[in-house]
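Each remark here refers to the structure printed beneath this line.
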Amino acid sequence: MKEYSCGSLRGSDEGKRLTVSGWVHAIRDHGNTYFIDLRDWEGLIQIVTKRDEINEDLNERIRAINRESVIEITGMVKKRPEGTENKKMPTGEVEVEIEELKILNSAQPLPYHFKDMHKASIPIRLKYRYLDLRHPKLQENIKTRARITSETRKFLDSQGFFEIETPMLTKSTPEGARDYLVPSRVHKGKFYALPQSPQLFKQMLMVSGFEKYYQIARCFRDEDLRPERQPEFTQIDLEMSFITQEDIINVVEGLLRHLFKEIKDLDIMSPFPRMTFYEAMNRYGSDKPDTRFGLELVDITDLIPEGISIFKEVYETNGIMSAINIKGKGDISPKAFNKWKSYVQKFKTKELANIKIIDGEAKSPLTKYLPDDVMKSIIERLDGKDGDLIVLAGGKNTNIWRGLGELRLKLASDMNLIPEGQFNFLWVVDFPSFEWSEEDKRWTAMHHPFTSCKKEFLDTFDKNPGEVLANAYDVVLNGYEIGGGSIRIHDPEVQERVFKVLGIPPEIAEQNFSFLIEAFKYGAPPHGGLAIGLDRLVMVMVDEPGIREVIAFPKTKMAVLPLGDAPNLVTDEQLDVLGIELKPEVKLMLEKKKENPNN
RNA sequence: GGAGCAUUGGUCUAGUUGGUCUAGGAUGGGUGACUGUCGAUCACCAGGUCAGGGGUUCAAAUCCCCUAUGCUCCGCCA
């Protein structure tokens with residue numbers, strides 16, 4: 001074990017003869033004088049030697065050292081000569097003069113320029129992840145992550161929670177994401193599924209009487225990836241019995257306050273602001289609003305007179321008309337505006353209109369269609385002033401929210417409106433229970449099928465599923481959904497009615513969730529919980545743009561692990577034991593790849 | 001599943017409308033010089049089937065098509 005670390009040496013260590021070891025960060029050869037910056041995970045120390053003062057053999061060995069080699073130096077800590085201290089380094093007052101040197105591992109020339117790691121391409125960084133992880137920033141991220149999980153355990157333990165593990169080899173269920181499957185050798189033809197979340201098991205633990213459970217749980221989803229999405233990710237998963245939504249909110253706010261205090265020494269305002277789902281959508285066009293900046297959506301549906309042909313879609317879909325005032329952008333060029341137009345079209349907002357306020361006058365293609373007083377009241381509601389630009393869109397509410405919501409985010413980042421170092425938490429509550437799936441032509445659960453609805457809908461939720469509000473809540477930080485949960489159903493009858501609404505036939509429900517429904521028949525407490533996406537939380541806390549930067553060994557977009565070269569082929573024998581054979585076309589494809597890996 | 005962008009020495013990149021590219025620079029590597037630097041500096045040297053395949057052309061890093069890989073976005077992610 002090391003007695004001293006490179007990064008910890010200070011002026012007060014002057015005169016000590018000691019041994020330090022680490023990686024050769026940089027080498028500066030001045031002929032007679034030779035410097036090495038030696039790095040370990042606490043920082044850098046300058047090592048110095050003078051050719052005249054040491055024997056030729058040591059000299060040769062020092063000069064043969066490569067960057068990133070691991071060496072051990074024994075020597076005297078000395079104050080640097082006056083005028084040569086480096087104030088930028090915490091260890092800059094001192095240096096170690098070499099007496100002995102051991103090369104513990106000599107490094108080859110590096111595959112990429114790792115002091116500028118962010119310039120290297122992601123594939124190369126992932127291939128040499130162990131080098132990448134040597135960077136102080138990445139080391140800091142991973143260490144912060146460890147401190148966050150540690151503090152999470154400390155806090156939840158102190159609140160009377162117990163950490164309980166649940167199985168990784170479980171059963172595939174039809175709802176939700178695609179499962180990762182694991183073939184069973186003992187039961188040929190059968191498969192385990194890796195858990196998408198410990199949902200069912202934690203509910204079972206509630207039935208078992210563990211009234212406060214948590215777990216830092218790995219979850220798996222076989223879906224296409226995004227910068228903030230990995231095929232395996234980690235949740236801080238918790239569940240409690242005999243509680244209300246308020247109890248969960250209190251615990252989670254307490255946890256997040258604790259984490260920000262311990263990790264970042266920040267006092268978060270509490271209680272967090274709350275917003276209903278509807279308000280979030282209407283004001284921010286998102287169920288995870290970023291409230292660090294304005295550019296809010298303003299509903300102007302009621303101002304639009306009926307029967308105007310260009311707003312046909314608003315009436316037909318019982319939709320909305322919404323607008324954003326973009327201050328001071330009245331001089332936007334048609335070309336720039338068209339870019340916005342095509343941007344919102346990606347999100348099914350078909351048309352984007354504008355009103356420019358120039359010299360107190362509204363200039364807009366809409367003047368042809370809208371009476372003057374309507375135009376005036378729109379401007380008034382949006383507080384339009386000289387030089388402003390108001391953008392408007394109308395149509396099916398979900399499309400308009402999405403389009404304007406995404407435009408809002410794009411504008412904020414383009415216009416640099418997002419303040420740094422600010423952490424805006426909020427709760428989004430009163431989510432709808434169900435949403436209609438055009439694709440499947442059926443109702444689907446917005447949160448998950450075990451979510452209870454607000455009691456005023458309990459008797460009638462089967463009749464108007466679209467209007468039912470759930471006991472579901474999300475905690476949002478700076479526009480990221482960092483956690484979500486709900487109060488669960490604990491009545492088997494209600495659960496069966498929900499399955500019915502979701503169009504899950506009794507026999508399928510029986511087949512997939514029978515153990516849960518059965519469990520509910522033997523004394524199930526009211527319960528609920530929440531899961532925090534650990535990767536995203538850490539990402540926001542260390543201010544990184546993607547969760548790759550907070551995971552030691554992340555996968556690429558194609559779910560490939562470049563370092564471990566996974567996934568990979570297995571032998572025919574391995575497959576045989578499992579009773580599995582590849583399809584002929586798959587075999588053919590693999591053969592072709594083998595012959596020509598570039599094709 | 002769909003769309004867009006990208007792929008040039010180890011790495012990061014320049015490369016206009018096809019010819020002046022025998023592909024430029026930086027960094028990394030090697031050799032040498034230098035008494036204090038701190039991403040040291042200076043000089044010299046080596047290093048490239050321009051992702052793979054096909055096509056257009058007198059002529060392709062450059063234009064077209066296919067494939068692979070990567071990234072971004074849509075779909076998907078209860």
Side-chain angles (χ1 to χ4, degrees), chain A residues 25-38 44-53 63 66-68 80-89 91-92 95 108-128 131 173-179 196-197 199-200 219-231 233 342-343 345-348 402 406 410 431 433-435 437-440 443-451 470 472 481 484 486 498 502 504 531 533 545-546 548 556-558 560 562 589 592-593 595-599:
Chain A
H25 188 71
I27 299 166
R28 292 178 295 279
D29 180 355
H30 287 252
N32 189 40
T33 314
Y34 199 82
F35 299 101
I36 293 173
D37 287 341
L38 194 63
L44 292 174
I45 181 70
Q46 176 162 284
I47 309 292
V48 68
T49 184
K50 291 187 181 171
R51 179 170 259 167
D52 316 340
E53 295 169 11
R63 262 147 245 267
N66 295 322
R67 222 165 272 222
E68 290 304 304
R80 295 195 190 184
E82 196 155 347
T84 64
E85 301 90 350
N86 188 341
K87 295 206 174 68
K88 288 183 222 152
M89 295 168 77
T91 62
E95 59 194 2
Q108 290 181 12
L110 297 170
Y112 69 99
H113 186 47
F114 91 79
K115 282 182 195 165
D116 286 335
M117 68 148 175
H118 51 278
K119 284 189 194 157
S121 66
I122 288 160
I124 206 102
R125 286 181 52 196
L126 291 186
K127 186 175 173 196
Y128 298 99
L131 293 180
T173 54
E175 289 276 309
R178 211 171 290 122
D179 287 309
Q196 295 177 23
S197 82
Q199 185 60 36
L200 293 172
C219 309
F220 304 86
R221 292 178 192 175
D222 187 3
E223 294 291 347
D224 288 350
L225 273 22
R226 288 292 154 80
E228 80 292 348
R229 227 193 273 161
Q230 283 273 310
F233 58 98
S342 55
Y343 186 74
Q345 273 164 5
K346 281 204 295 198
F347 309 101
K348 295 188 197 149
R402 183 83 202 277
E406 294 290 346
K410 178 181 160 57
F431 277 82
S433 285
F434 308 104
E435 61 187 336
S437 162
E438 253 333 296
E439 197 186 328
D440 300 339
W443 292 100
T444 56
M446 191 145 180
H447 186 57
H448 60 52
F450 317 108
T451 303
E481 181 206 321
S486 63
V498 169
L502 296 175
I504 302 174
R548 264 196 292 255
T556 67
K557 207 203 138 164
M558 298 284 274
V560 166
M589 186 193 77
K592 271 190 189 161
K593 275 213 166 165
E595 282 164 29
N596 192 349
N598 247 336
N599 235 337

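All values reported here derive from a predicted model rather than from experimental measurement. Worth knowing before you read on, the calculation uses all heavy atoms, side chains too, and leaves out hydrogens, waters and symmetry mates. In what follows, chains carry the letters A, B, and so on, assigned in the order in which the sequence lines appear, proteins first and then strands, with residues in each chain numbered from 1.
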Under 3.5 Å for both donor-acceptor distances, Watson-Crick or wobble: does [N] have a partner, and if so which one?
N	result
B:U49	none
B:A3	B:U72
B:U20	none
B:C42	B:G32
B:U37	none

Lys NZ or Arg CZ of A:Lys50 over A:Tyr34 ring: under 6.0 Å, within 45°:
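Cation-pi check for A:Lys50 and A:Tyr34: fails.
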Side chains of A:Arg80 and A:Gln46: closer than 4.5 Å at any heavy-atom pair?
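Heavy-atom side-chain distance check passes, below 4.5 Å.
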Heavy-atom side-chain contact between A:Ile122 and A:Thr556 under 4.5 Å
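No, their side chains stay 4.5 Å or more apart.
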Between [N] atom [atom2] and [X] atom [atom1], what is the distance in whole Å?
X	N	atom1	atom2	answer
A:Glu228	B:C71	CD	P	14 Å
A:His25	B:C38	NE2	P	14 Å
A:Tyr128	B:U11	OH	C1'	10 Å
A:Ile27	B:U41	CD1	C1'	16 Å
A:Lys87	B:C38	NZ	P	15 Å
A:Ile122	B:U11	CD1	P	16 Å
A:Lys88	B:A40	NZ	P	11 Å
A:Ile45	B:U37	CD1	C1'	14 Å

Counting the atoms with a prime plus P, OP1 and OP2 as sugar-phosphate, which does [X] contact under 4.0 Å by heavy atoms, base, sugar-phosphate, or nothing?
X	result
A:Pro123	sugar-phosphate
A:Phe450	nothing
A:Met446	sugar-phosphate
A:Glu85	base
A:Asp29	base
A:Arg51	nothing
A:Glu95	base

Minimum-distance nucleotide to A:Arg28 side chain [options: B:C34, B:U37, B:G75]:
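Among the listed nucleotides, the one closest to the side chain of A:Arg28 is B:U37.
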Of all the choices, B:C71, B:C76, B:U37, which nucleotide is nearest to the side chain of A:Arg548 once you look at every atom?
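That would be B:C71.
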If only atom types and distance count, is the side chain of [X] paired as donor or acceptor with the main-chain N or O of [Y] below 3.5 Å?
X	Y	value
A:Thr444	A:Ser437	no
A:Arg125	A:Ala120	no
A:Thr451	A:His448	yes

When you compare [N] with [M], how far apart are their [atom1] atoms, in angstrom units rounded to a whole number?
N	M	atom1	answer
B:G2	B:C12	C1'	32 Å
B:C45	B:G54	P	37 Å
B:U7	B:G52	C1'	11 Å
B:G9	B:G25	C1'	12 Å
B:A59	B:U22	P	15 Å
B:G28	B:C38	P	14 Å
B:G48	B:G24	C1'	13 Å
B:A61	B:G15	C1'	8 Å

What is the distance from atom [atom1] of [X] to atom [atom2] of [Y], rounded to the nearest 0.5 Å?
X	Y	atom1	atom2	result
A:Glu223	A:Gln230	CD	CD	14.5 Å
A:Cys219	A:Gln199	SG	CD	10.0 Å
A:Asp29	A:Arg51	CG	CZ	7.0 Å

For A:Met558 and A:Pro449, find the nucleotide of RNA chain B closest to each by heavy atoms; which residue's nucleotide sits nearer the 5' end?
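Checking each residue's closest nucleotide, the 5'-ward one belongs to A:Met558.
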Is the distance from OP1 or OP2 of [N] to the nearest side-chain N or O of [X] less than 4.0 Å?
X	N	value
A:Thr556	B:G70	yes
A:Arg226	B:C74	yes
A:His30	B:U35	no
A:Thr84	B:C38	no
A:Arg402	B:C74	yes

Could you list, one pair per line, each protein nitrogen or oxygen that sits under 3.5 Å from a nitrogen or oxygen of nucleotides 3-10 of chain B, together with the distance?
{"unit_1": "B:G10", "atom_1": "O2'", "unit_2": "A:Pro111", "atom_2": "O", "d": "2.7"}

Classify the side chain of [X] and the base of [N] as holding, or not holding, a donor-acceptor pair under 3.5 Å.
X	N	value
A:Asp37	B:C38	no
A:Glu223	B:G75	no
A:Arg67	B:G29	no
A:Arg229	B:C76	yes
A:Lys50	B:G36	yes
A:Arg221	B:C76	no
A:Arg125	B:U11	no
A:Asn32	B:C34	no

Just checking, is any N or O donor in the side chain of A:Gln196 or A:Asp179 under 3.5 Å from an acceptor N or O on the other one?
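Result is yes, a qualifying pair exists.
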Would you call A:Arg402 and A:Glu406 a salt bridge, using N to O less than 4.0 angstrom?
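Here A:Arg402 pairs with A:Glu406 in a salt bridge, since their nearest N and O are under 4.0 Å apart.
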So, A:Asp224 and A:Lys557, do they make that salt bridge, N to O below 4.0 Å?
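Answer for the salt bridge query: no.
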